[in-house]
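Proteins come first, then strands; the chains are lettered A, B, ... in the order of their sequence lines, and each starts at number 1.
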Amino acid sequence: MKILIIDDSSTMRRIIKNTLQRIGYSDFVEAADGSEGLAALEGVELIITDWNMPNMDGLTMVKTIRRHPSYKTLPIIMLTTEAGREDIIEAIKHGVNNYIVKPFTPEVLKQKIDQTLQQKQE
Amino acid sequence: MDVEEIVNPFKEKLIHTFQTMLDFKPVPGQIKYGKRDDMVSDITGTIGIAGDISGTVSLRFPRELACRVSSIFLNEEITTINHDVMDTVGELANIIAGGAKGILVQTLNIDFKLAIPTTILGDGHVLGYPAGSSVVIVPFSMGDSTFYLEICLKD
Ligand SMILES: [Mg+2]
């Protein structure tokens, strides 16, 4: 499964990638902001994206992705520091399937991915 | 506005972040008020906040400790300041400020937006602020090293 990892922090992208490798995933594409993310959607089956990024933030990117008919059901997990309840409600309203609040543990990342992919199958 | 009530969520989130991502619990020391020229650092991750409260949230480390923190964060040996260390320090400031925002919205109804983090490098530097700002510094010890959480709020 091809996973798109979007975060402006290169260390955070590496930590996410290392964690995903440990739980059995191996096909990744990386992007440093929302617009780079939009350009890298080809063949992607799961997106894990940060919220707070320069140029185009994660929420704006999600709104753009959801406007495309072919990406209506593409699973998106938002990885964010923005732990306010209203922020989370807003993200879900705009098409985020699941969210993880930073700092996260590998267990939480795995659990949220499993949950998100399972929801898609249902 | 009680400054300590605002600073506490940042302190809490710092400890939580270090525990979760670095498996280490830093010990907070006595809070200091006002700019301190004796509290120097070599690398600072800083993030601007703007909204019901505005200013900056900074994490200030000595070189060696910043490398140690990045080594644990990335699970690889890092001995000199490089792009990874600079990125780590900025991202930690981002995670802590974002987490504190979540707590502040819910407990005190204080909301703000986060800017993009910046990292400053320079041996033995201090941070300067505009006149009329309030500065609060919380020292943390990690083994035999000290780093600072420094919050500057515009009046
Ligand atoms: Mg970010």
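- Checking side-chain atoms of D52(B) against main-chain N and O of D111(B) turns up a donor-acceptor pair under 3.5 Å.
- Of residues 23-44 of chain B, not one residue has a non-hydrogen atom less than 4.5 Å from any non-hydrogen atom of chain A.
- Between I47(B) and T56(B) the shortest side-chain heavy-atom distance does not fall below 4.5 Å.
- Counting heavy atoms from C-beta on, the side chains of V69(B) and F147(B) never come closer than 4.5 Å.
- Counting only heavy atoms from C-beta outward, the side chains of I6(A) and M53(A) approach each other to under 4.5 Å.
- Between W51(A) and D87(A) there is a side-chain heavy-atom pair separated by less than 4.5 Å.
- Between the side chain of E30(A) and the backbone N or O of I5(A) there is no donor-acceptor pair closer than 3.5 Å.
- By the 6.0 Å contact criterion, CG on D155(B) is enclosed, its count of non-hydrogen atoms from other residues, nucleotides or ligands being greater than 12.
- Judged by distance alone, the side chain of K112(A) and the main-chain N or O of Y99(A) form a donor-acceptor pair under 3.5 Å.
- The side-chain heavy atoms of I16(A) and I3(A), taken from C-beta on, include no pair separated by under 4.5 Å.
- Taking 4.5 Å as the heavy-atom cut-off, none of the residues of residues 58-79 of chain A approach chain B.
- Looking at E64(B) and S145(B), their side chains do bring a donor and an acceptor atom within 3.5 Å of each other.
- No donor-acceptor pair under 3.5 Å is formed between the side chain of K102(A) and the backbone N or O of G99(B).
- Residues N98(A) and T116(A) bring a donor and an acceptor atom of their side chains to less than 3.5 Å of each other.
- At a heavy-atom cut-off of under 4.5 Å, chain A is reached by E76(B), H83(B), D84(B), D87(B), T88(B) from residues 75-88 of chain B, listed in order of number.
- Around the OH atom of Y148(B), the shell of radius 6.0 Å holds more than 12 heavy atoms that belong to other residues, nucleotides or ligands.
- In this structure the side chain of I15(A) reaches within 4.5 angstrom of the side chain of L74(B), judged on heavy atoms.
- Residues I49(B) and L114(B) are in side-chain contact: their nearest non-hydrogen atoms beyond the backbone lie under 4.5 Å apart.
- Contact check for L92(B) versus F73(B): side-chain heavy atoms found under the 4.5 Å cut-off.
- Proximity to chain B is limited to the side chain of N18(A), based on heavy atoms less than 4.5 angstrom apart.
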Could you go step by step and tell me if D7(A) and S9(A) meet the side chain to side chain donor-acceptor pair (under 3.5 Å) rule? CA-CA 5 Å; D7(A) 200 306; S9(A) 162; 4.6 Å; no

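- For A100(B), no part lies near chain A; criterion is any non-hydrogen pair under 4.5 Å.
- Listed in order of number, the residues of residues 116-132 of chain B that approach chain A to under 4.5 Å between heavy atoms are I116(B).
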